[in-house]
Structure formats: C-alpha cells, structure tokens
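Order of listing sets the numbers, starting from 1, for every ligand and every atom in it.
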Amino acid sequence: MGIVVLTMKASVIEMFLVLLVTGIHSNKEMTKKIKRPKFTVPQINCDVKAGKIINPEFIVKCPAGCQDPKYHVYGTGIYASYSSVCGAAVHSGVLDNSGGKILVQKVAGQSGYKGSFSNGVQSLSLPRWRESFIVSESKPQKGVTYPSTLTYSSSKSPDAKAGETTKAYQRPSAPGTTAQPVTLMQILAMPAAEVTHATLPKPFPFATSATSSPRPQPVGHGSWEMGEIDLWKPGSVLLDAGFIPKEELSTQSSEPVSQGDPNCKVDLSFLIDGSSGIGKRRFQIQKQFLADIAQALDIGPAGPLMGVVQYGDNPATQFNLKTHMNSRDLKTAIEKITQRGGLSNVGRAISFVTKTFFSKANGNRGGAPNVAVVMVDGWPTDKVEEASRLARESGINIFFITVEAAAENEKQYVMEPNFANKAVCRTNGFYSFNVQSWLGLSKTMQPLVKRVCDTDRLACSKTCLNSADIGFVIDGSSSVGTGNFRTVLQFVANISKEFEISDTDTRIGAVQYTYEQRLEFGFDKYSTKPDILNAIKRVGYWSGGTSTGAAIHYALEQLFKKSKPNKRKLMILITDGRSYDDVRIPAMAAHQKGVITYAIGVAWAAQDELEVIATHPARDHSFFVDEFDNLYKSVPRIIQNICTEFNAQPRN
Ligand SMILES: *[C@@H]1O[C@H](CO)[C@@H](O)[C@H](O)[C@H]1NC(C)=O
C-alpha cells in the first residue's frame with residue numbers, strides 16, 4: 001500500500017465518508033500497541049467481487065490459486081469493486097498465489113482505473129466505476145470491529161452477479177444524487193462477451209445513389225437487397241433496448257470541448273480503402289463506420305487523437321493527428337471525404353504512414369502508442385509484408401479489418417495470400433477482423449475501439465529502443481588509464497543516446513568495478529536523456545584490479561534485481577583485460593536470469609573470456625577492438641544487433 005492510508009467510517013450502507021490520513025508510520029505504531037480483537041475470519045472464493053460484499057471494511061481469507069486470469073481485476077493500487085477481491089490482493093502484492101488473510105477497505109469510485117501487469121496478474125483498465133477498494137495486509141486498525149460473517153448484496157445490486165452484468169452498466173442509485181449518465185467508454189471497457197448485443201444507432205447508410213462496382217461480384221456479395229437494409233434504419237438497433245438514450249451519444253454544440261478520454265491515449269491512424277473496386281456504396285459505409293468510431297472514442301488532446309489516410313494508387317492524408325482534436329469536428333470532416341479511386345495499394349499506404357503520418361510535425365505525441373487500422377475491401381493490389389515489418393519495428397500497432405475477403409474463385413487474384421497475418425502486429429487474432437459483408441461492419445466497432453484503447457496490450461508499441469533496462473558494467477582498472485576511461489564513458493554515452501529514455505521507456509544504470517564494485521546509478525535514478533548523459537560524464541575513474549566475475553554478480557544483484565518484469569534486460573560489459581577471478585559462473589547466472597549480455601573487449605581483453613561472458617551466439621554478443629580509440633566503431637553494430645535480436649522474437 002502507498003503512503004496514503006484511507007480510513008473509513010460507514011454511517012449509512014450506501015454512503016460513506018472517506019478521510020485521508022497521511023503519515024503511515026504514526027498509524028502503524030498505534031496499531032502495534034492495541035490488542036487484536038478476537039473474531040473468526042470469514043473465507044471467500046477467488047471469484048468473489050468486492051462489490052458483492054456490502055461491508056465497508058473487512059478481513060477475509062483467500063484460498064490459493066487466485067492468480068488465475070479468469071478472476072478479472074480492474075485497476076492498480078485502487079481497484080474497481082467489479083474486481084475479484086483475492087485477485088486484486090495478488091496483483092497488489094499483498095497476497096501470493098498460496099492465499100491468506102487480507103484487509104479490504106472500500107473507497108470512493110474513481111473516474112478511471114489503469115490496468116497493469118504486477119505480481120503475475122494482468123489487471124485491466126476501466127474508465128469509471130461507482131465504488132473502489134484497496135487491499136492491505138490483515139493488520140486490524142484501532143477502533144474497527146471486523147465482521148465475522150460478511151453481508152452480501154442481494155442479486156438486485158448492480159454488480160452482484162456475473163450473470164447479471166448488464167445491470168452493472170446502470171447508473172449508481174445513491175439516494176438524493178442526480179444520476180450520472182454512463183459513458184459509452186465505460187461500456188466499451190467491459191468484457192466483450194457482455195456487450196455483444198449492443199450496436200450503435202446508425203443513420204441510413206445508402207443516402208447516395210448506388211453505382212456498380214467494377215469488382216467481380218461473386219456469390220455472397222449480392223446481398224444488397226432492400227429487405228436487409230431495413231434493419232439499419234435509425235433507432236432500430238439501440239444499445240440494449242435504449243439504456244443509453246440517443247441524445248447522450250451525440251455531441252451537443254453547447255457542451256465544452258472535451259479534453260479526451262485519458263484512459264485511451266493513443267495516436268490513431270485509419271487507412272481507408274478509396275480504390276475504385278470498393279464502389280460508392282461501400283465507401284459510404286466505410287465513412288459511416290469511421291464517423292461512428294470518431295464518436296465512440298472521446299477524442300481530445302489528453303485522450304485519443306485520430307487522423308485518416310485514404311489510399312488508392314497512392315495514399316494521401318485526409319487529416320493528420322492534430323487537424324481535428326475533438327469527436328464532433330472529426331465526424332464532420334469524415335463526412336466530407338471524397339473517394340480517390342485507383343488500385344488498392346495497401347503496402348504503399350503502410351509505408352507512407354510509417355514515414356510521414358506518424359511524424360512529430362503531424363501531431364505524433366511520442367508518449368502515446370501509435371496505432372494504424374487498415375481497412376481493406378477484398379485484398380490489396382500490392383504486397384504488404386515488408387512495409388508492415390518496418391512499421392512494426394518503428395512501434396506501430398497494425399490492425400487489419402478485411403471486409404468481404406476473397407472467395408474461393410477469387411483467390412487467384414490475391415498476390416499475397418495471408419496478407420493480413422503478414423501485416424498485423426501479432427497473429428494471435430487480437431489485431432485482425434474478418435468481416436463477411438460490409439453490412440456487418442458496424443459489429444466490429446465496439447471490439448475494435450476496446451482493443452485499440454487497451455494500451456497495455458498494444459504489443460508493437462515496444463521497440464528495441466524503448467523497452468530495455470540497460471546496465472553498463474565498466475572496467476575501472478589501473479590498466480585503462482584516465483584518458484581511455486573518458487573514451488569508455490563516451491562510448492557508454494554514445495550507446496545510451498540511441499535509446500528512447502524515460503521511466504516508462506528504456507532505462508540506464510551503471511556499475512564500475514576494479515577488485516571492488518560500486519553502483520554509479522541504478523535504473524530508477526534518472527529518467528531523461530540529458531540527466532543520464534550528465535551522470536555518465538560525472539563517473540569518476542576508480543583505478544585498481546580487474547574482478548570481472550564479481551562485477552557481473554554485483555550487477556545482477558544491485559542493478560538487474562530492480563529491473564521491471566516487462567523490460568528487456570541488457571548488460572553491456574566493457575573490459576580491457578583478463579579477469580582475476582572466474583567469470584563462468586556469474587556469466588551463466590546472468591544468462592539464466594534472462595539478462596542478455598554483451599561483452600566489449602579492448603586491447604588486452606581475452607577473447608575467450610569475452611565469449612564466455614557474452615550471451616549465445618557469442619559472435620553477435622561479443623566485440624573486440626584493439627585500441628580504445630576504435631571503440632566508437634562498434635557502437636552502430638551493437639545497436640543493430642540489439643535491434644535485430646529484438647525484432648527476431650516470435651510474432652504471435
Ligand atoms: C561518440 O560520439 C561522438 C560524436 O558522434 C564521436 O565524435 C566519438 O568518437 C564517439 N566516441 C565513442 C567512443 O563512441
């Protein structure tokens with residue numbers, strides 16, 4: 001638990017007062033002195049959600065095995081009461097997977113919950129919930145009587161039963177308060193299975209007159225009959241019998257302009273198909289789909305930003321990330337897009353997006369994941385594989401929506417079979433949508449918005465440059481000499497410069513060694529590139545012996561033990577001579593712990609020893625230069641090898 005202790009007094013069951021008491025130390029000392037009240041600790045199962053229990057504060061016993069991902073947890077530190085109590089306890093580190101007693105305190109609902117991976121549990125994000133809770137070790141607080149039996153809410157309560165989840169969307173029913181409308185994002189954040197019936201109201205899509213499409217129309221494409229179209233009339237398919245009134249979905253001009261949904265901070269590019277083959281009617285449906293997305297996403301400078309690229313023979317930006325920074329303007333702009341015509345050069349469009357669209361000048365914020373959603377009618381007329389690989393390697397999360405894919409008799413026209421799998425960020429299904437008919441496209445809107453906003457799962461945001469903890473292990477022995485030591489520090493700085501540095505991107509740490517070892521700075525010491533470069537410059541030359549084995553061991557203990565689980569661990573060791581101690585066992589320990597080790601040897605360094613230190617295959621991880629002045633030559637190769645190895649990871 002954090003520094004803030006939340007103490008709570010319940011007066012009425014539904015309403016309670018939250019007092020914020022800072023200063024955990026004084027509070028802890030007080031609780032030590034009081035005698036623990038005698039009571040039986042009630043037991044719950046892993047699947048019990050906090051919202052099901054009415055007691056505002058209680059101690060419970062959790063069984064083993066609550067780490068299982070099927071017990072959903074929403075939030076980090078403060079959890080939405082829609083979460084599994086015991087799952088949240090494991091996530092927050094209070095409990096391990098073997099179960100035990102925990103203290104649960106209900107606190108006020110939050111405007112947003114951020115998911116994270118912690119202690120083996122992936123928690124999810126949720127925009128807003130009516131009630132939260134925090135979990136701590138089961139130390140009874142002074143003056144609180146803990147219940148021996150828990151009071152469960154009746155099945156009518158909003159989040160009582162998993163089977164009645166639609167009720168959980170309803171507004172909180174606290175007496176005397178004006179009900180808050182539930183945002184669309186809140187619904188979109190719910191597990192997909194629970195929103196399958198929900199479809200947005202949609203204007204009649206065939207306002208423009210139909211022109212025939214030049215593409216051959218195989219069986220299955222001829223479904224443009226009026227009978228089916230009737231289903232699409234406005235108002236006929238409202239969200240679950242209208243529990244979101246239509247008015248709340250439309251942005252009113254009198255409203256203040258939204259800053260955007262902070263729980264969905266992504267830089268989004270839609271690549272829309274403007275080829276002649278799609279035809280006017282389908283193009284119109286595509287635009288409608290885009291407008292619906294723009295409305296469902298709460299666009300704004302603190303939330304998602306969205307631009308559109310239309311492709312045909314060549315791609316062109318309709319508007320970039322900063323052209324329209326709210327949902328209403330974006331929708332209006334989408335409605336005005338006119339079709340370009342031409343071929344369906346998707347590969348070319350993806351290259352364009354990588355090189356041009358996601359540039360800083362076009363509004364790319366850097367701190368937000370880049371997402372490209374590619375809409376394809378049928379199949380592309382060029383190849384997508386190479387362009388997509390480059391896009392992924394620069395951190396773009398590619399989604400594909402393939403509509404009316406090639407039928408059996410059309411497959412001969414497809415230049416690159418399996419094109420979607422070659423393009424998407426991961427081939428696990430998360431990034432691909434296959435839509436049978438343009439008429440069914442609207443069904444993908446909600447799952448798409450939900451996935452695009454699930455920033456923790458956007459795997460391609462990670463690149464070789466922004467996702468590592470890099471620990472330099474620097475030989476400060478007497479043989480190096482002051483001048484050469486400066487060169488080594490320059491080398492360390494030159495490598496560090498290549499990475500994107502922040503507390504959430506790549507982090508840098510450094511250890512210097514002789515006979516002894518010292519931590520120059522750990523991963524969490526500096527979080528900007530200038531600070532890191534300054535710190536490297538300030539490292540003082542130590543001078544002494546060369547115990548490389550002990551230094552590796554020290555780096556594992558003092559640096560890499562504090563590396564985050566989602567980071568790639570890279571050790572870059574620089575030495576100018578043979579070690580006085582044995583390097584084999586510490587090196588093996590590093591490899592076993594998943595620390596990818598690069599060994600850089602200068603002058604008198606022993607090549608056989610470098611190869612033992614280096615991760616397998618040694619030829620990619622060990623470098624030798626004959627003099628310090630040539631050290632600079634290995635910088636580009638080291639960076640390239642780090643990136644090649646990163647990009648060679650399996651993509652599924
Ligand atoms: C570091 O980079 C600077 C500037 O590019 C260069 O002049 C220098 O030779 C490099 N030194 C090393 C050791 O990489």
Side-chain angles (χ1 to χ4, degrees), residues 360 394 463-466 468-502 505-514 518-521 523 525-544 546 548 551-552 555 559 568 570-579 596-607 609-611 613-615 618-646:
K360 214 170 183 176
S394 59
T463 68
C464 58
L465 300 180
N466 72 7
D469 275 346
I470 306 176
F472 288 96
V473 181
I474 305 164
D475 180 350
S477 61
S478 311
S479 53
V480 176
T482 315
N484 289 336
F485 191 75
R486 291 289 120 204
T487 307
V488 170
L489 294 183
Q490 221 183 59
F491 171 78
V492 169
N494 285 2
I495 290 181
S496 304
K497 260 185 216 163
E498 298 292 325
F499 291 85
E500 291 164 33
I501 289 168
S502 85
D505 296 298
T506 290
R507 304 187 302 171
I508 309 276
V511 162
Q512 185 181 175
Y513 74 97
T514 55
R518 78 181 176 213
L519 181 66
E520 300 291 354
F521 48 91
F523 294 131
K525 183 87 187 247
Y526 304 106
S527 55
T528 69
K529 198 177 278 187
D531 286 352
I532 286 289
L533 298 179
N534 263 324
I536 294 168
K537 221 182 267 173
R538 285 198 309 267
V539 171
Y541 178 41
W542 203 354
S543 188
T546 315
T548 310
I552 295 170
L559 267 182
R568 267 171 99 71
L570 301 177
M571 173 152 64
I572 301 179
L573 183 140
I574 306 124
T575 181
D576 81 325
R578 191 175 279 281
S579 176
I596 301 163
T597 308
Y598 285 82
I600 323 296
V602 194
W604 305 278
Q607 298 228 30
E609 201 173 82
L610 297 176
E611 286 173 13
I613 296 168
T615 291
R619 91 185 105 81
D620 294 335
H621 299 91
S622 66
F623 296 82
F624 179 81
V625 290
D626 49 6
E627 50 185 318
F628 284 94
D629 286 344
N630 286 332
L631 209 41
Y632 75 94
K633 288 185 188 161
S634 54
V635 173
R637 272 168 60 217
I638 292 167
I639 303 293
Q640 197 185 22
N641 285 12
I642 289 172
C643 285
T644 304
E645 183 167 44
F646 181 94

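- Interatomic distance, CD1 of Ile532 versus NZ of Lys529, reported as 10.5 Å (0.5 Å rounding).
- For atom 7 (O) of ligand 1, the nearest protein heavy atom is 4.0 Å or more away.
- The number of heavy-atom neighbours closer than 6.0 Å to CD of Gln640, taken from other residues, nucleotides and ligands shown, is 12 or below.
- Taking any N or O of Lys497, backbone or side chain, none lies under 3.5 Å from an N or O belonging to ligand 1.
- Checking Val625, Asn494, Thr487 against atom 12 (C) of ligand 1, the nearest heavy atom belongs to Asn494.
- In this structure, Tyr526 and Phe521 have perpendicular ring planes: the angle between them is above 60°, well past the 30° mark.
- A distance of 10.0 Å separates CZ in Phe485 from OG in Ser543, rounded to the nearest 0.5 Å.
- Residue Val635 has at least one heavy-atom neighbour below 4.0 Å for each of these atoms of ligand 1: 14 (O).
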